[in-house]
Amino acid sequence: MDFGFDALTLARAQFAFTISFHFVFPAFSIGLASYLMVLEGLWLKTGKGVYANLYRYWLKIFAVTFGMGVVSGIVMSYQFGTNWAVFSDKAGPIVGPLMAYEVLTAFFLEAGFLGVMLFGISKVGKGLHFFATCMVALGTLISATWITAANSWMHTPAGFVINGKGQFMPAGSWLPIIFNPSFPYRLVHVVIAAYLTTSLVVAAVGAWHLLRDRTNPGARTMFSMAMGMIALAAPLQIFAGDMHGLNTLEHQTPKILAMEGDFEASPDGAPLILFGIPSQKDAAVHYKVEIPKLGSLILKHAPDAPLPGLKDYPRSEWPPVPIVFWSFRLMVGLGVAMLGMAAWGLWARLRRRLYDARWLHRAALTMGPTGFVAVLAGWVTTEVGRQPYTVYGFLLTAQSRSPLAAPAVATSLLAFVIVYFAVFGAGTYYLLRLMAHAPHAHESEPAHIPQRAAGLVPAAGLE
Amino acid sequence: MTFDLATIWAAILAFSIFAYVVMDGFDLGIGILFPGFAIGDERDQAMNSIAPVWDGNETWLVLGGGGLMAAFPLAYAIILPATYPLVIAMLLGLVFRGVAFEFRWRDPRHRAVWDIAFCAGSVVATLAQGMMLGALLQGIHVVGRGYGGGWLDWLTPFSVLTGVALLTGYALLGASWLIGKTGGAAQAHARRMAFQLGIAMLVMMAAVSAATPLLAFDYWRRWFAFPGVLLTAQVPVLVIVTAALFFRSLARGDERAPFVLTLALFALGFAGLGISMFPYVVPRAVTIWDAAAPEGSLIFLLVGTVAIIPLIIGYTAWAYWVFRGKAGVAGYH
């Protein structure tokens with residue numbers, strides 16, 4: 001099979017495809033695990049049935065999401081070796097232990113307690129069951145921490161020396177490696193993104209059921225909780241994103257210049273380019289609409305502060321500007337829309353119209369999937385922005401790949417595309433079907449119906 | 001043999017791989033045997049018996065991959081490209097099989113489709129794992145710090161043999177696990193399958209053992225040179241004794257002993273593998289010392305591993321204990 005692409009392009013496409021698919025599931029399950037922990041905690045504290053019902057409702061959705069996250073995650077743990085062998089050999093001594101710690105401290109915790117969480121309530125009692133839920137939620141957060149540390153190190157490598165075999169090795173303490181310069185900003189940004197994404201889905205499901213029956217207590221509770229979380233997380237995320245931007249300017253200047261579309265240096269204050277058509281070849285943004293001085297105000301918090309341009313750097317160090325420029329605008333645009341919806345929700349709540357504001361419900365329904373889009377756009381911005389490097393400034397992507405022939409990579413890419421669309425397409429369909437059914441007072445008890453085993457309960461028991 | 005860092009890490013990784021093989025082995029085995037179970041109670045009991053634990057079982061595979069990259073990055077960078085299509089096939093098989101647990105229950109109308117996905121995914125993943133083992137044993141062409149062969153070098157009669165051998169082994173693990181987890185007609189069926197698969201497993205072990213020393217003189221010398229043969233000969237002797245105990249326990253109607261004795265057979269096979277390979281991680285090309293990560297990396301990960309693995313074993317054991325006893329047809333109450 002020859003598609004006219006070289007093995008490097010195919011390997012990059014395969015990585016981008018598999019990780020994009022994978023990334024969607026943890027972004028949802030990190031937030032959902034914490035939400036389940038809150039719901040069960042509220043249930044144990046208040047004894048109110050509505051929390052128990054919501055717990056059971058979202059637990060079924062969590063089980064499907066988690067299953068898909070696990071299987072697509074196993075693929076990722078082998079992807080470094082299959083397509084990126086040279087990267088594995090060279091960066092393995094640094095990135096490998098960080099990822100192995102993720103498995104040791106997070107994966108096992110999640111997997112070990114998931115069975116109890118799904119099937120165990122009548123076997124272990126309420127207290128231990130809540131403990132299991134907490135461990136699963138904690139596991140998702142620990143997992144995010146380690147994987148972000150590994151990824152951040154690839155963006156802002158620190159604390160290493162390069163040995164005679166060309167391998168990155170720890171220079172001494174591991175603290176500068178783990179707490180590398182971009183890690184804290186990236187971690188906060190990623191975790192809030194997961195919470196925001198989940199809140200948007202929960203709000204959309206709540207809104208959908210409120211539009212059909214505004215008296216449904218489950219729909220009211222989930223909509224209220226989710227809108228509250230969005231009101232908290234959306235402004236916080238914009239603040240965290242701003243801090244992260246300052247950090248990127250300091251450590252990955254060409255990336256942020258590509259995001260901004262600044263080809264030319266601005267000695268007395270850079271404008272903010274709202275829109276335009278960037279051209280890598282012409283090294284210019286055509287048809288641009290810009291606000292003077294705002295770029296410097298955002299990035300340097302001073303309107304007249306000078307900012308360099310991409311032309312100050314060799315062309316070989318430029319990331320692909322149009323992709324980074326557009327994905328960044330998509331992410332920020334959605335973030336602003338989320339902030340708008342959060343304000344609208346607060347206004348409706350103050351007027352005690354939260355459950356009756358039909359247009360707000362319609363808006364929340366429309367905004368449901370935007371968290372996933374924003375997360376993927378943000379990921380594209382940061383990862384494409386790291387190009388042409390895998391380890392920023394030290395190891396080129398072109399030098400990281402496995403010695404494989406293009407047909408091997410093309411065939412496997414095709415297999416991944418077919419299998420992922422079939423399997424995760426079916427999974428998304430099942431998730432939407434679960435979400436389409438209204439939460440009711442007798443939500444099936446996870447412990448009494450084996451969620452993962454077939455045929456034990458007639459299908460009617462589901463509805 | 002010195003107990004340096006590389007050796008300690010080889011032991012830890014061998015432990016993770018063995019933990020994976022026996023734990024995911026029995027639930028993959030249930031997938032392999034799935035078409036042989038009657039639709040209804042028998043399939044439901046089989047699924048029920050692994051639903052709460054399969055996820056944790058599979059995590060050992062992630063530790064195997066992640067640990068190999070961390071502790072022996074060079075070996076990871078050579079073995080994965082060398083067995084590329086097998087790795088991809090294994091991953092895709094595991095994708096199908098993993099989601100089938102959820103999906104077949106969510107979608108009763110298409111249950112038959114997800115049953116096929118569960119079985120086919122398990123068979124493909126197992127064959128791929130077995131053939132990877134064969135590919136490793138028969139040797140990998142290494143040039144510099146990378147794989148130097150073609151993308152189908154792994155495909156030989158020997159790797160097909162090891163693939164089929166693992167398929168038999170996992171199926172036997174699955175059948176003997178079910179003897180302990182079921183009752184009545186389902187248990188009687190599992191017992192019959194375990195008997196037939198026990199014979200098949202012994203045949204496969206003998207075939208792989210006979211073929212391995214013929215692959216290279218190194219293996220021959222390691223197994224048959226005097227005085228080492230006095231030690232290595234214990235392995236086949238113990239296999240015969242264990243097999244005899246296994247068939248006796250089946251005949252006596254024991255419920256737990258068949259599974260334990262199958263585990264013992266796997267442990268002996270694994271020990272045999274260790275005798276053939278040590279101290280190479282890529283046989284006859286890269287030793288564990290060549291491939292080991294720098295000391296700073298090995299120590300950093302070792303501290304956490306030594307502290308955390310007992311904890312993992314602890315709560316995993318607890319999870320198994322929570323779901324002890326027979327897997328009912330009516331679920332967990």
Side-chain angles (χ1 to χ4, degrees), chain A residues 63-64 67-68 70-71 74-75 77-78 80-82 85-86 88-89 92-94 96-97 99-101 103-105 107-108 111-112 114-116 118-120 122-124 163 165 167 169-170 174 402-405 408 412 415 419 423 426-427 430 447-456 459, chain B residues 40 43-44 47-48 51-53 55-56 58-59 61-63 65-67 69-70 73-74 76-77 80-81 84-85 87-88 91-92 94-96 98-99 101-108 111 145-147 151 293-294 296-297 300-301 304-305 308 312 315-316 319 322-323 329-333:
Chain A
V64 177
M68 293 193 285
V70 167
V71 294
I74 293 175
V75 173
S77 74
Y78 283 86
F80 292 101
T82 50
V86 176
S88 303
D89 176 26
I94 300 269
M99 296 205 297
Y101 265 111
V103 183
L104 287 169
T105 58
F107 281 13
F108 277 110
L114 183 76
V116 177
L118 292 179
F119 309 107
S122 57
K123 296 208 165 217
V124 298
N163 71 9
K165 300 168 190 163
Q167 290 177 308
M169 52 186 269
W174 276 77
S402 299
L404 288 166
S412 62
V419 169
V423 167
Y430 298 142
H448 291 277
I449 296 179
Q451 297 294 324
R452 294 176 169 225
L456 308 183
Chain B
R43 288 193 180 185
D44 300 339
M47 258 332 206
N48 251 352
V53 293
D55 207 353
E58 213 158 275
T59 307
L61 180 67
V62 187
L63 184 64
M69 179 180 176
L74 181 61
Y76 182 79
L80 269 72
Y84 189 80
V87 177
I88 306 286
L91 294 172
L92 294 177
L94 291 176
V95 166
F96 272 113
V99 297
F101 280 92
E102 283 299 329
F103 292 179
R104 78 187 284 275
W105 162 239
R106 295 275 153 233
D107 189 6
R111 185 162 294 154
R145 290 181 76 77
Y147 173 56
W151 63 298
S297 304
F300 170 65
L301 192 55
T305 305
I308 299 164
I312 292 171
Y315 62 65
T316 304
V322 166
F323 298 102
V329 286
Y332 303 107
H333 290 290

K.L.:
With a 4.5 angstrom heavy-atom cut-off, which part of A:Phe108 approaches chain B: side chain, backbone, both or neither?
P.N.:
both
K.L.:
I'd like to know which of B:Leu94, B:Leu91, B:Leu74, B:Val87 tops the heavy-atom pair count under 4.5 Å against chain A.
P.N.:
B:Leu91
K.L.:
Side chain from CB out, backbone as N, CA, C, O: work out which of these in A:Val116 comes under 4.5 Å of a heavy atom of chain B, or both, or neither.
P.N.:
both
K.L.:
Measure across B:Arg111 and B:Arg104 and return the closest heavy-atom pair with its distance rounded to 0.1 Å.
P.N.:
NE-O, 2.9 Å
K.L.:
I'd like to know which of A:Ser402, A:Gly427, A:Gly112, A:Pro97 tops the heavy-atom pair count under 4.5 Å against chain B.
P.N.:
A:Pro97
K.L.:
In terms of heavy-atom proximity below 4.5 Å to chain A, should B:Pro85 be classed as side chain, backbone, both, or neither?
P.N.:
neither
K.L.:
Kindly determine whether A:Val64 and B:Phe103 satisfy side-chain contact (heavy atoms from CB on, under 4.5 Å), including the steps that lead there.
P.N.:
CA-CA 8 Å; A:Val64 177; B:Phe103 292 179; 3.9 Å; yes
K.L.:
Which one, B:Thr305, B:Val322, B:Leu301, leads in non-hydrogen pairs under 4.5 Å with chain A?
P.N.:
B:Leu301
K.L.:
Count the heavy-atom pairs under 4.5 Å between each of B:Gly65, B:Pro73, B:Gly56 and chain A, then report the option with the highest count.
P.N.:
B:Pro73
K.L.:
When rounded to the nearest 0.5 angstrom, what distance separates CZ in B:Arg145 from NZ in A:Lys165?
P.N.:
5.5 Å
K.L.:
Has the side chain of A:Thr82 got a donor or acceptor atom that lies under 3.5 Å from a matching backbone atom of B:Tyr84?
P.N.:
no
K.L.:
Mind listing the closest non-hydrogen atom pair of B:Pro294 and A:Asn163 along with its distance?
P.N.:
CG-ND2, 4.3 Å
K.L.:
Is chain B contacted by the side chain of A:Ile74, its backbone, both, or neither, given a heavy-atom distance below 4.5 Å?
P.N.:
both
K.L.:
I'd like to know if the side chain of A:Tyr101 and the backbone of B:Gly304 have a donor-acceptor N/O pair within less than 3.5 Å.
P.N.:
yes
K.L.:
Please answer whether the main-chain N or O of A:Gly81 pairs with a side-chain N or O of B:Tyr76 as donor and acceptor at a distance below 3.5 Å.
P.N.:
yes
K.L.:
Using a cut-off of under 4.5 Å on heavy-atom pairs, state which of A:Ala408, A:Ala111, A:Gly115 scores highest against chain B.
P.N.:
A:Ala408
K.L.:
Can you tell which part of B:Leu63 gets under 4.5 Å to a heavy atom of chain A, answering side chain, backbone, both or neither?
P.N.:
both
K.L.:
For the candidates B:Thr316, B:Leu61, B:Val53, which exhibits the highest count of non-hydrogen atom pairs separated by less than 4.5 Å from chain A?
P.N.:
B:Leu61
K.L.:
Under the ring pair (Phe, Tyr, Trp, His ring centres under 6.0 Å) rule, what do A:Trp174 and B:Phe300 come out as? Steps first, then yes or no, please.
P.N.:
CA-CA 8 Å; A:Trp174 276 77; B:Phe300 170 65; 3.9 Å; yes
